[in-house]
Amino acid sequence: MITVSDKAKEKVEKLMQDAELDDTYRLRASVAGGGCSGLSYKLDFDNEVKPMDQEFEDKGVRVVVDMKSFLYLAGTQLDFSDGLNGKGFFFDNPNASRTCGCGESFSV
């Protein structure tokens with residue numbers, strides 16, 4: 001499962017509202033090759049669920065993940081920071097053996 005912190009929930013809801021997205025949209029989390037650690041995180045909104053997608057709901061936020069990405073993201077919590085050390089979404093991923101300094105990429 002992928003969970004969502006309270007701060008991430010607030011930010012996702014605000015972004016969806018600002019973009020005028022209806023309730024058919026979900027947050028799509030995925031992993032792609034690249035970044036300084038080898039794999040990078042990707043977030044987007046999507047209103048299409050593919051047959052092999054895994055879908056989760058936490059705190060009212062629906063998250064969709066393709067099966068390949070789910071292998072890397074199982075047990076991850078999506079969080080949001082607006083502090084002095086950086087602003088944006090970040091992943092607390094128990095599967096990552098190493099992360100880069102910016103938190104946007106990882107390796108297993």
Student: Report yes or no: do Leu15 and Val63 belong to one cluster of Ile/Leu/Val/Met/Phe/Trp/Tyr joined by side chain heavy-atom distances under 4.5 Å?
Tutor: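 Linked within one cluster.
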Student: Out of curiosity, Phe56 CZ to Ile2 CD1, how far, rounded to the nearest 0.5 Å?
Tutor: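 The CZ atom of Phe56 sits 5.5 Å away from the CD1 atom of Ile2.
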Student: Can you check ring-ring contact (aromatic ring centres under 6.0 Å, His included) on Tyr72 and Phe91, steps first, answer last?
Tutor: CA-CA 11 Å; Tyr72 296 106; Phe91 294 80; over 10 Å; no
Student: Test side chain to side chain contact (heavy atoms under 4.5 Å, CB included) on Phe45 and Met16 and set out the steps.
Tutor: CA-CA 8 Å; Phe45 292 111; Met16 288 183 74; 3.2 Å; yes
Student: Under a 3.5 Å distance rule, please check whether Lys59 uses its side chain to pair with a backbone N or O of Val4 as donor and acceptor.
Tutor: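 Side chain of Lys59 to backbone of Val4, a donor-acceptor pair under 3.5 Å: yes, one is there.
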Student: Could you check if a side-chain atom of Met1 sits within less than 4.5 angstrom of a side-chain atom of Asp58, using non-hydrogen atoms only?
Tutor: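 They are in side-chain contact.
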Student: Any salt bridge between Asp82 and Lys7, counting N to O under 4.0 Å?
Tutor: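 Judged by the 4.0 Å cut-off on N to carboxylate O distance, Asp82 and Lys7 do form a salt bridge.
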Student: Between Asp92 and Thr76, is any pair of side-chain heavy atoms under 4.5 Å apart?
Tutor: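 The answer is no, as the side chains (C-beta and beyond) never meet within the 4.5 Å cut-off.
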Student: Run Asp53 and Arg28 through salt bridge (Lys or Arg N to Asp or Glu O under 4.0 Å) and show every step you take.
Tutor: CA-CA 10 Å; Asp53 283 344; Arg28 180 170 290 279; 2.7 Å; yes
Student: Working note: Asp46 + Val64, criterion side chain to side chain contact (heavy atoms under 4.5 Å, CB included); need CA distance, chi angles, decisive distance, verdict.
Tutor: CA-CA 8 Å; Asp46 193 353; Val64 177; over 6 Å; no
Student: What about the rings of Phe80 and Phe89, do their centers lie closer together than 6.0 Å?
Tutor: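 So the answer is yes for these two rings.
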Student: Is there a side chain to side chain contact (heavy atoms under 4.5 Å, CB included) between Asp22 and Thr24? Walk through the geometry before answering.
Tutor: CA-CA 6 Å; Asp22 62 33; Thr24 64; 2.4 Å; yes
Student: Find the distance between NZ (Lys87) and OG (Ser81) and round it off to the nearest 0.5 Å.
Tutor: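 Spacing of NZ (Lys87) from OG (Ser81) equals 9.5 Å.
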Student: Which pair of non-hydrogen atoms, one from Ala74 and one from Pro94, has the smallest distance, and what is that distance?
Tutor: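 Where Ala74 meets Pro94 most closely, the heavy atoms are O-CG, 4.0 Å.
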Student: Rounded at 0.5 Å granularity, tell me how far CG in Leu78 sits from CG in Leu27.
Tutor: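 Nearest 0.5 Å value for the CG-CG distance: 6.5 Å.
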Student: Would you name the heavy atoms of Asp79 and Ser5 that are closest together and state the gap between them?
Tutor: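 Heavy atoms of Asp79 and Ser5 come nearest at OD1-OG, 2.5 Å.
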Student: Determine the sole option in Val31, Leu73, Leu39 for which the side-chain contact (heavy atoms from CB on, under 4.5 Å) test with Asn93 is passed.
Tutor: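 It is Leu73; the other options fail the test.
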Student: May I ask whether Tyr25 and Val49 are part of the same hydrophobic cluster, defined by side-chain heavy atoms of I, L, V, M, F, W, Y residues being less than 4.5 angstrom apart, directly or through others?
Tutor: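 Per the 4.5 Å side-chain linkage, Tyr25 and Val49 are not co-clustered.
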Student: Honestly curious: do Leu43 and Val12 fall in one hydrophobic cluster under the side-chain, below-4.5 Å linking rule?
Tutor: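 Yes, Leu43 connects to Val12 through the hydrophobic network.
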Student: State, to 0.1 Å, how close Gly33 and Ser40 come at their nearest heavy-atom pair, and which atoms those are.
Tutor: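 For Gly33 and Ser40, the tightest heavy-atom pair comes out as O-OG, 4.3 Å.
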Student: With rounding to the nearest 0.5 angstrom, report the CZ to CD distance, Arg26 to Glu55.
Tutor: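 One finds 4.0 Å between CZ of Arg26 and CD of Glu55.
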Student: Taking NZ, NE, NH1 and NH2 as the nitrogens, is one of them in Lys14 or Glu10 under 4.0 Å from a carboxylate oxygen of the other?
Tutor: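 Glu10 and Lys14: not salt-bridged.
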